[in-house]
Amino acid sequence: MLRHLPQPFHTAVFVRGIGDGDMIVVDRSIQARHGHIVVAVIEGEFTVKSLYSVGGIVRLKAGNPTYPDIIPKECETLQIWGVVTSCIKRFSR
């Protein structure tokens, strides 16, 4: 479970029900595939996005319409850090 996410981390998540401040459970042993919600590292920056991987095209789809999808350039390093398996919502602090 990731309560304190690695820094820097993109906090405006809003991917299929995951909101800012939610805790996510990440399984690093699952092989990520198309449609999974993943924690990805691109050029040293962590983000949570939906993985689009079809026909050799890889894209990280943003769940928040104010953020663009991420399409890695050839010179950029993309690592899928893990697959999100659960989301825990907190209602009070």
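- No side-chain heavy atom of Leu78 sits less than 4.5 Å from a side-chain heavy atom of Val41.
- When all heavy atoms are compared, the tightest approach of Pro72 to Val58 is CD-O, 3.5 Å.
- Under the 4.5 Å side-chain heavy-atom criterion for Ile, Leu, Val, Met, Phe, Trp and Tyr, Trp81 and Ile42 are members of distinct hydrophobic clusters.
- The CZ atom of Arg28 sits 13.5 Å away from atom OG1 of Thr85, with the distance rounded to the nearest 0.5 Å.
- Considering only heavy atoms from C-beta on, Ile88 stays 4.5 Å or farther from Ile24 through its side chain.
- Between atom CD1 of residue Ile80 and atom CD of residue Gln31 there is a gap of 9.5 Å, rounded to the nearest 0.5 Å.
- Smallest separation of non-hydrogen atoms from Cys87 and Gly17: SG-O, 4.3 Å.
- Linking Ile, Leu, Val, Met, Phe, Trp and Tyr residues whenever their side-chain heavy atoms come within less than 4.5 Å leaves Val39 and Val83 in two separate clusters.
- Each of Ile71, Asp69, Leu51 was evaluated against Leu60; a single residue qualifies, Leu51, per the side chain to side chain contact (heavy atoms under 4.5 Å, CB included) test.
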Item to complete: Please lay out, stage by stage, how Ile70 and Arg59 fare under the test side-chain contact (heavy atoms from CB on, under 4.5 Å).
Response: CA-CA 6 Å; Ile70 297 173; Arg59 171 185 325 189; over 6 Å; no
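- Expressed to the nearest 0.5 Å, how far OG of Ser86 lies from CG of Asp22 amounts to 12.0 Å.
- In the displayed structure, Glu76 atom CD is contacted under 6.0 Å by more than 12 heavy atoms of other residues, nucleotides or ligands.
- Lys89 NZ: more than 12 foreign heavy atoms inside a 6.0 Å radius.
- Here the side chains of His36 and Val84 are not in contact, with every heavy-atom distance at 4.5 Å or above.
- Considering every non-hydrogen atom in both Ala62 and Pro68, the closest pair reads CB-O, 3.6 Å.
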